[in-house]
Amino acid sequence: MQRTPPHRVLFVCGHNRLRSPTAEHLFGDRADLEVASAGLKHDAEQPLGAELVEWAQLIFVMEKAQRAKLQQRFRAQLLGKRVVCLDIPDEYDYMDPALVRLLEAKVPRYL
């Protein structure tokens, strides 16, 4: 029986300190996914680069402005990729129970 390779999912926020690392932590244990996270700001914990965008098959951003910035900076690498905006504002701490509930409600329908 042939196994399907895991989907490569990237979560993106501003600084890669709160929202996207929470999402990476939540979905990182799934056998059907390879998960990473990064930030769009220059001082992000893990700054987003072209290689990571190319690696991803599905990209989640937290805000509409982040989708615009992503498309502006990585237009060539985004060809043929799905980018989903989760509309989650920057008002949660890392692993905040309210953030976890939001992510668990919004992300699975796209996976």
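Evaluation of the salt bridge (Lys or Arg N to Asp or Glu O under 4.0 Å) test over residues 10-19, restricted to residues two or more places apart or in two chains, returns Arg17-Glu45, Arg19-Glu63, Arg19-Asp90. Here side chain to side chain donor-acceptor pair (under 3.5 Å) pairs that include residues 100-110, with residues two or more places apart or in two chains, number zero. Under the salt bridge (Lys or Arg N to Asp or Glu O under 4.0 Å) criterion, the residue pairs touching residues 64-80 are Lys64-Asp87, with sequence neighbours excluded.
One finds the CD atom of Gln77 at 9.5 Å from the CG atom of Leu48 (value rounded to the nearest 0.5 Å). Once rounded to the nearest 0.5 Å, the distance linking OG of Ser37 with CG of Leu18 reads 11.0 Å. A distance of 12.0 Å separates CG of Leu103 from CD of Glu24, quoted to the nearest 0.5 Å.
When side chains are defined from C-beta on, Leu111 counts as touching Leu58, because their heavy atoms get closer than 4.5 Å. Side-chain contact between Tyr92 and Val100 is absent, with no heavy-atom pair separated by less than 4.5 Å. Counting heavy atoms from C-beta on, the side chains of Gln66 and Cys13 come closer than 4.5 Å. Looking at heavy atoms from C-beta onward, Val9 lies in side-chain contact with Phe60 at the 4.5 angstrom threshold.
At a threshold of 4.0 Å, the pair Lys41-Asp43 does not count as salt-bridged, since none of the basic side-chain nitrogens sits closer than that to a carboxylate oxygen.
Closest non-hydrogen pair, Met62 versus Ala23, comes out as CE-CB, 4.4 Å. Across every non-hydrogen atom of Asn16 and Gly39, the tightest pair is CB-N, 3.4 Å. Among all heavy-atom pairs drawn from Leu10 and Ala38, the shortest one is CD1-N, 4.2 Å. The minimum heavy-atom distance linking Gly14 with Ala44 is given by the pair O-CB, 3.9 Å. Closest non-hydrogen pair, Met95 versus Thr22, comes out as N-OG1, 2.9 Å.
Follow the hydrophobic side-chain contacts under 4.5 Å out from Val107 and you never reach Ile59; the two are in separate clusters. One hydrophobic cluster, built from ILVMFWY side chains closer than 4.5 Å, holds both Val84 and Leu102. Under the 4.5 Å side-chain heavy-atom criterion for ILVMFWY residues, no single connected hydrophobic cluster contains both Val35 and Leu40.
Within a 6.0 Å radius of NE2 in His25, other residues, nucleotides and ligands contribute 12 heavy atoms or fewer. The environment of Glu91 atom CD is dense: over 12 non-hydrogen atoms of other residues, nucleotides or ligands sit within 6.0 angstrom.
Residues meeting the side chain to side chain donor-acceptor pair (under 3.5 Å) test with Glu34, sequence neighbours left out: none. Remark: Ala65 pairs with no residue by the side chain to side chain contact (heavy atoms under 4.5 Å, CB included) rule, at least two apart or across chains. Phe27 is linked by a ring pair (Phe, Tyr, Trp, His ring centres under 6.0 Å) to Phe11, counting only residues two or more places apart in sequence or in another chain.
With Gln72 contributing its side chain and Ala68 its backbone, the two residues share no donor-acceptor pair below 3.5 Å. Using a distance-only test at 3.5 Å, with no hydrogens or angles considered, a donor-acceptor pair links the side chain of Arg8 to the main chain of Trp55.
Among Ile88, Leu70, Leu86, the one residue that satisfies the side-chain contact (heavy atoms from CB on, under 4.5 Å) test with Val61 is Leu70.
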